[in-house]
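Take a look at the structure set out below.
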Amino acid sequence: GERVLLARAEDGALVSIAFDGDAAALADYWPPMGLDRIEVQGSAPVPALSLAAEAGSRDSLIRLESELGLFAAEHLASAVAVHAAIIKADGRVIVLPGESMSGKSTLCFAAHAAGHTVLSDEYVLVDPVTGLVRGWPRSLRLRVDGQWVRLGIAQEHEPLAVDLVAAITYDHRAPSGAGLVGVEPMSAGEVAMLLIANTVCAQPRPEDTLRAASALARTTDGIAAQRGEAELALAELVQRASAP
């Protein structure tokens with residue numbers, strides 16, 4: 001039968017989840033950090049967000065995973081969450097900001113296939129003081145032939161310095177055999193604006209957002225480009241991140 005679960009984010013905001021089925025089934029879809037289940041004695045407080053999911057529906061659980069993850073990321077108390085993938089390749093750290101469905105997961109799957117370390121395909125958590133980053137180690141997701149493929153390859157790690165921030169968009173018109181196309185360097189200001197545009201808490205935490213974006217942008221290189229084939233684009237990104 002249906003039951004209602006209640007969870008608290010780091011800043012104290014509450015979310016309720018109406019779930020039809022065994023609540024244990026939610027474990028694989030729960031955010032990797034920033035959201036704790038709570039038990040309520042007496043009348044339940046009013047949540048900031050109410051969600052629902054069906055245990056027997058993979059699409060419903062995937063949707064819940066996204067909604068809970070976004071809620072937890074928006075309500076972090078210290079780190080600033082940016083919509084971005086993060087990859088560690090040959091000792092270099094590459095951050096790929098972009099909205100959902102912008103191709104981040106495709107590049108992450110290509111990185112995994114090439115033997116690199118994937119730290120997140122959804123959020124990068126930036127320390128507003130140091131500019132160091134951590135990933136969001138949920139299962140990677142990719143839509144293949146109308147079905148969701150999930151792969152638990154994202155790894156937890158210590159805070160890292162970033163070597164390259166890359167704004168990469170897929171161009172279906174790119175010729176066969178093309179990797180990165182139309183590469184342009186980005187200034188520190190442009191990198192900061194890119195990060196701010198993809199920060200999930202930019203409106204409620206503008207000062208932290210600006211500090212985090214500025215701290216990261218000051219210590220990294222940035223490029224903007226279109227891409228063709230993910231494997232070739234990734235190889236070029238790693239080469240650029242490793243360049244002196």
Side-chain angles (χ1 to χ4, degrees), residues 4-21 23-38 47-55 57-87 95-109 111-112 118-128 133-144 147-157 159 195-205 208-209 212:
V4 177
L5 311 176
L6 201 62
R8 179 182 288 117
E10 283 190 2
D11 69 355
L14 300 178
V15 56
S16 66
I17 307 107
F19 188 65
D20 183 12
L26 291 177
D28 286 343
Y29 299 89
W30 201 260
M33 61 186 74
L35 195 65
D36 295 325
R37 289 264 303 272
I38 62 173
L49 179 67
S50 297
L51 302 173
E54 300 174 18
S57 169
R58 186 73 175 272
D59 282 348
S60 177
L61 290 169
I62 290 286
R63 185 169 58 252
L64 179 69
E65 181 179 44
S66 294
E67 292 169 333
L68 284 178
L70 177 58
F71 182 82
E74 285 178 331
H75 293 276
L76 292 173
S78 53
V80 170
V82 178
H83 261 303
I86 177 170
I87 297 164
V95 167
L96 304 163
E99 299 178 354
S100 295
M101 308 305 293
S102 64
K104 302 189 302 294
S105 296
T106 301
L107 286 169
C108 285
F109 273 85
H112 176 66
V118 177
L119 306 177
S120 177
D121 74 335
E122 185 65 4
Y123 299 118
V124 169
L125 309 184
V126 186
D127 186 315
V133 302
R134 290 178 293 141
W136 185 264
R138 71 163 195 188
S139 294
L140 269 69
R141 306 185 318 194
L142 194 65
R143 195 83 169 176
V144 179
Q147 301 292 324
W148 284 108
V149 175
R150 298 172 83 246
L151 189 60
I153 59 174
Q155 299 186 18
E156 297 187 21
H157 61 95
L195 295 169
I196 291 170
N198 287 282
T199 297
V200 302
C201 63
Q203 290 187 344
R205 295 173 60 194
D208 281 346
T209 296

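Not measured: the values here are computed from a predicted model.
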Problem set entry | Side chain to side chain, I17 and W30, heavy atoms closer than 4.5 Å | yes

Seminar exercise, completed: Sorted by chain and number, sequence neighbours left out, salt bridge (charged side-chain N to carboxylate O under 4.0 Å, His left out) with D59 holds for R143

Exercise. Is there a side-chain contact between S16 and L6 (heavy atoms, below 4.5 Å)?
Worked result: yes

Problem set entry | Nearest heavy-atom neighbours spanning V149 and F109 | O-CZ, 4.4 Å

Exercise. Can you find a pair of side-chain heavy atoms, one from T209 and one from V82, that are under 4.5 Å apart?
Worked result: no

For this session: Please check if the side chain of K104 supplies one atom and the backbone of P97 the other of a donor-acceptor pair under 3.5 Å.
Result: no

Below 3.5 Å, can you tabulate the donor-acceptor pairs from side chains in residues 119-128 to any protein atom, sequence neighbours excluded?
residue: S120; atom: OG; partner: E122; partner atom: N; Å: 3.1
residue: S120; atom: OG; partner: Y123; partner atom: N; Å: 3.2
residue: S120; atom: OG; partner: Y123; partner atom: O; Å: 2.8
residue: S120; atom: OG; partner: W136; partner atom: N; Å: 3.4
residue: S120; atom: OG; partner: W136; partner atom: O; Å: 3.3
residue: D121; atom: OD1; partner: R138; partner atom: NE; Å: 3.4
residue: D121; atom: OD2; partner: S105; partner atom: OG; Å: 2.6
residue: D121; atom: OD2; partner: R141; partner atom: N; Å: 3.3
residue: E122; atom: OE1; partner: R138; partner atom: NH2; Å: 3.4
residue: D127; atom: OD1; partner: V129; partner atom: N; Å: 2.7
residue: D127; atom: OD1; partner: T130; partner atom: N; Å: 3.3

Exercise. Do the non-hydrogen side-chain atoms of P137 and M33 ever get within less than 4.5 Å of each other?
Worked result: yes

Seminar exercise, completed: Sorted by chain and residue number, the ring-ring contact (aromatic ring centres under 6.0 Å, His included) partners of F71 (sequence neighbours excluded) come out as H75

Problem set entry | Side chains of Y29 and L64 in contact at under 4.5 Å (non-hydrogen atoms) | no

Problem set entry | Qualifying residue for side-chain contact (heavy atoms from CB on, under 4.5 Å) with L96, from I87, N198, I86 | I87

Seminar exercise, completed: On a heavy-atom basis, the closest approach of L76 and G34 is CD2-CA, 4.2 Å

Problem set entry | Single hit among L49, L26, L51 for side-chain contact (heavy atoms from CB on, under 4.5 Å) with L68 | L51

Seminar exercise, completed: Taking every heavy atom of A53 against every heavy atom of S60, the minimum-distance pair comes out as CA-OG, 3.3 Å

Problem set entry | Partner residues of D208 under the salt bridge (charged side-chain N to carboxylate O under 4.0 Å, His left out) criterion, sequence neighbours left out | R205, R211

Exercise. Sequence neighbours excluded, which residues qualify as side chain to side chain contact (heavy atoms under 4.5 Å, CB included) partners of S139?
Worked result: R150

Exercise. What salt bridge (charged side-chain N to carboxylate O under 4.0 Å, His left out) pairs are there with at least one residue in residues 23-37, not counting sequence neighbours?
Worked result: none

Exercise. In Å, rounded to the nearest 0.5 Å, how long is the span from CG of L61 to OG of S66?
Worked result: 11.0 Å

Problem set entry | Check: H112 side chain, V118 main-chain N or O, donor-acceptor pair, under 3.5 Å | no

